[in-house]
Amino acid sequence: MSEYKHTLHLPQTDFPMRGNLPQREPEMLKRWQELNIYQQLREQRAGQDTFILHDGPPYANGDIHIGHAVNKILKDFIVKAKSMNGLDSPYIPGWDCHGLPIELQVEKNLGKKQVSPREFRDACREYARQQIEKQSKDFQRLGVMGDWANPYLTMDFKTEADIVRALGRIIAAGHVDKGFKPVHWCSECGSALAEAEVEYEDKTSPAIDVRFQVVDEAEVSKRFQIAACSQTSIVIWTTTPWTLPANQAVALHPELEYVLIAHQQDGVTEHLILAEALLNSCLQRYQIENYQIVARCVGQDLEHLKLKHPFYAREVPVILGDHVTTEAGTGAVHTAPGHGLEDYIVGLRYHLPIDNPVGGDGKFLPHTEIFAGEQVFKANDHVIEVLQAHRKLLHHEKIRHSYPHCWRHKTPIIFRATPQWFISMEKHQLRQQALEVIQAVDWTPEWGEQRIVGMIENRPDWCISRQRNWGVPITVFVHKETGALHPQTLELIEKIAQQIEKIGIDAWFELQPTELLGDDAQHYDKASDTLDVWFDSGVTHATVLETRDELCVPADLYLEGSDQHRGWFQSSLLTSVAMRHGKAPYSGVLTHGFTVDAKGRKMSKSLGNVIAPQDVIKNSGADILRLWVAATDYRGEITVSNEILTRIAEAYRRIRNTSRFLLANLAGFDPATDRVSRENMLALDRWAVDKAYHLQQEIIKAYDSYNFHVVYQKVHHFCTVEMGSLYLDIIKDRQYTCQKDSVARRSAQTALFHIIEALSRWLTPILSFTADEIWQYIPGARGKSVLLETWYNGLFPLDENSVVAAPTWDKIWVIREAVSKELEKLRAVEVIGAGLEAEVHLYCDHHTVELLSVLQNELRFVLITSYSHLHLAEQRPEDAVNYEGFWVKAQRCEHKKCIRCWHLREDVGANAEHPELCGRCVENVAGVGEVRLFA
RNA sequence: UUUUGGAUAGCUCAAUUGGAUAGAGCAGUUGACUUAUAAUCAACGAGUUACAGGUUCGAUUCCUGUUCCAAACCCCA
């Protein structure tokens, strides 16, 4: 176009405008691998203070979903931000490898093929390994930095051994008990379930009212202090008819009022005992209209009264319990200690037998009268029939209520008393110690503390045994008669652990007791249970933090979804307190919410609203996913939708393009030789560095407080406003038109250099791929990767001695905004197009005129107009437009346009050799170059 | 049922802990530029701060109640 175009210094860079992340990121990953970046960083940070974020192990089954991605990315932000702080922040990813879901998968894969337990466990191990490999690849693709070559697996032989040792330590501390008590039991799993494995769903059950006839009517008369009575029953209400075979008592509340009523039944007078508070609802249910209240008493008065079991030849007592309520039912509670925890507890007081007629498969045991072999839920109808036949059934209806289900099978579970191993919450004050320790932990958000306190306060003893194959064995011997642990249990555990270290858990399963116990073996049973997998992951503070050189207990941070208050946070806390005499495994716990769709619904396949991380990566790139995680306040729900991801991609482009422009304007700049010293930099350039300086402090603070969305907002704002709208727009003129090596231009480049040094680091924890890509394009000698760096310390603030101080700049920006508005008005009426076609007059108070006149004739560059004139307010013409504290008049500039810099200047054409140039450009093209001091 | 947390523009987030007209960016609309160009710049709309009360000179902020969302608890009989 113009013969002068080659005299301009237009931006130039190979840094691509478009990220093309799906292609570029894998290349970057490869580069990191080749650099062995993780190890290199460890070496570089060796000896520094550490920050230990301990990875909660995901379960080694299935592809990673967006929740996994959020979790790992948040962890990566923290690890990398700490590293930027100069700390040594190792990250060892882990996997949870044992347990039922893997067994189920393997069973499915094996089909009908019969295999030995050993082969089965080998298959489980192999399956888990494959799953881990796949998940690991996906995690790494997210850009998560860690020791992926050496993760911890709960199925490592060494770890399996250490899990057994951890159990030994907890036994040594006296917390482990063998008990026979009701536990959540899934008959599909054929195993006890942990609290965390139970979820509540609606279920339809039969609700029945059953007569328990009193044995001795005379005794009843005596208790109620009446003359006589006949055909008397206490009525119970239950939603689990199948538990009646195990009934051992009927519980009443000691202080509750009970009434004895009489009514006609088939011409015979019958007496019923019910809680007075529930009388009306019961009678309505039974459709009894005519009745009389014969007498009343409180529950206490009926204690030890003998009742007939409704269909067995068994007498059961009336007992008292505070758990009886008047919320529903009859005020009399059918009590089966083998099928309910409260029944069990109250049963202990009355020495009731703990009868459990139900087998592990959910069917009645062969010796069970009437119901032998029947599946319990199916037996409900049969029980009802039998009751009817015995004329014990008062009422029967369907009820829909919430009921515990197995979280894996989604099937209703039962309470079933079986011999199990427990970690006792009370025996050695585990509960109390845990509650004390919680206070010393830093919970983020704060309400996490209340949540876990509530859970610890209420939780029952932890049933740690499972009746499975693919799990770490409970490696103890129990005396056949006394049930006591072998006196050398701790030594034996260590011996077994050493063998497990060599060949894995099979060492126990295949162990002949005589090998260890000699002749003593005949007196002992070898335990066959495995440990709850929550135990495996719960003791990683011992099996991983304690055993790895680069880690230690307590970890600085555990970071998981809020569901882990009842899972890993709790299992880790309890085991640590148990084995370290009241020490927490972590000093801080951070939780994040779950991902939901735009309407706040959970992601589910059936709703079709699932956004897979693999898809986002394939279509947009991991950095987009990472930026989305950063942009969201993860403390609540984390919303994801295509709209949100589109917005994030836009924001990404802005950040990328700003970086690109910085790089493009650094073309030809060598920081070693071209850098301008702080004192010699132009005022505007110092302002820009000052902005970056203050912003960096805020960004570091936001990283330190895990407020990544604040980092995102601030960085984006900086790119858009401070850089795009203001600084970069203004310096274009200087960058393009001044002489290549002039102070004016080198000063701006110096600022850009400082800023891109800082910006690339700000981005590193979040946009790791992009930040490192930028890094490769920054001029000057530098390390191989920005991941190895710490925050940039070359930024500096404006001070009071600055020629143009911060308050002056603030004023200038206000004026600039007003000028923009005025220019827009001129544009609207087609008086001007570009801002340079205008000149502006500013009318200000004396003080402001003085402030701005410091800039001399360079104010026009800041305003991006061809001329700007400063006047005192009183000189303003009628048509000057008022803004807060000043007036603006903008008009078309009538001079000729310089073909090179596009300013409209009166001196265009003054030089005959360059008839189309302004004086400034002539100077820059043919002279020694213009001098700029401020902007 | 209870407990806890939450609800600010179409989207993502602010609001110095009770202070002035509730702010940014994105998206939208309109325009400019062609020297960041599948880019950039400017202007412009957009809010009953979930709702209803209360305390206060003043409430997005504190209190009470309601609605909705989420999590936990419970749902044992």
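Chain naming here is simple, since letters A, B, ... match the order of the sequence lines and numbering starts at 1 in each.
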So, OP1 or OP2 of B/rC74: does either fall under 4.0 Å of a side-chain N or O from A/Arg566? no
Does a nitrogen or oxygen in the side chain of A/Lys821 sit under 4.0 Å from OP1 or OP2 of B/rA42? no
Should the pair A/Tyr777 and A/Phe15 be assigned to parallel (<30°), tilted (30 to 60°) or perpendicular (>60°) ring geometry? perpendicular
Describe, in one word, how the ring planes of A/Phe753 and A/Phe669 are oriented to each other, choosing from parallel (under 30°), tilted (30 to 60°) and perpendicular (over 60°). tilted
For A/Gln713, answer base if it contacts any base atom (sugar-phosphate contacts may also be present), sugar-phosphate if it contacts only those atoms, and nothing otherwise; contact means non-hydrogen atoms under 4.0 Å. base
What is the nucleic acid contact for A/Ala834, judged by heavy atoms within less than 4.0 Å: base, sugar-phosphate only, or nothing? sugar-phosphate
Of A/Thr335 and A/Arg816, the one whose nearest nucleotide on RNA chain B sits closer to the 5' end is A/Arg816
Whole-Å distance separating the NE2 atom of A/His717 from the P atom of B/rA24: 7 Å
Nearest-nucleotide check on RNA chain B, A/Glu650 vs A/Val710; residue mapping nearer the 5' end is A/Val710
Base, sugar-phosphate, or nothing for A/Ser562, non-hydrogen atoms under 4.0 angstrom? nothing
Send over the distance from A/Leu627 CG to B/rC11 C1', rounded to a whole Å. 14 Å
Categorize A/Arg827 for me: base, sugar-phosphate, or nothing, with a 4.0 angstrom heavy-atom threshold over every strand shown. sugar-phosphate
Looking at B/rA43, I'd like to know if its phosphate oxygens (OP1 or OP2) sit under 4.0 Å from a side-chain N or O belonging to A/Lys825. no
Would you say a side-chain N or O of A/Ser725 is under 4.0 Å from OP1 or OP2 of B/rA42? yes
Parallel, tilted or perpendicular: rings of A/Trp447 and A/His565 (30°, 60°): tilted
Do you know which two heavy atoms are closest between A/Cys901 and A/Cys918, and how far apart they sit? SG-SG, 3.7 Å
Respond yes when some side-chain nitrogen or oxygen of A/Lys714 is under 4.0 Å from OP1 or OP2 of B/rA24, and no when none is. no
Verify, without hydrogens or angle tests, whether A/Arg745 (side chain) and A/Cys738 (backbone) share a donor-acceptor contact under 3.5 angstrom. no
Could you tell me whether the phosphate oxygens of B/rU35, OP1 or OP2, come under 4.0 Å of any side-chain nitrogen or oxygen in A/Tyr4? no
Counting the atoms with a prime plus P, OP1 and OP2 as sugar-phosphate, which does A/Thr239 contact under 4.0 Å by heavy atoms, base, sugar-phosphate, or nothing? sugar-phosphate
Nearest whole angstrom, please: distance from the C1' of B/rU34 to the CD of A/Glu837. 13 Å
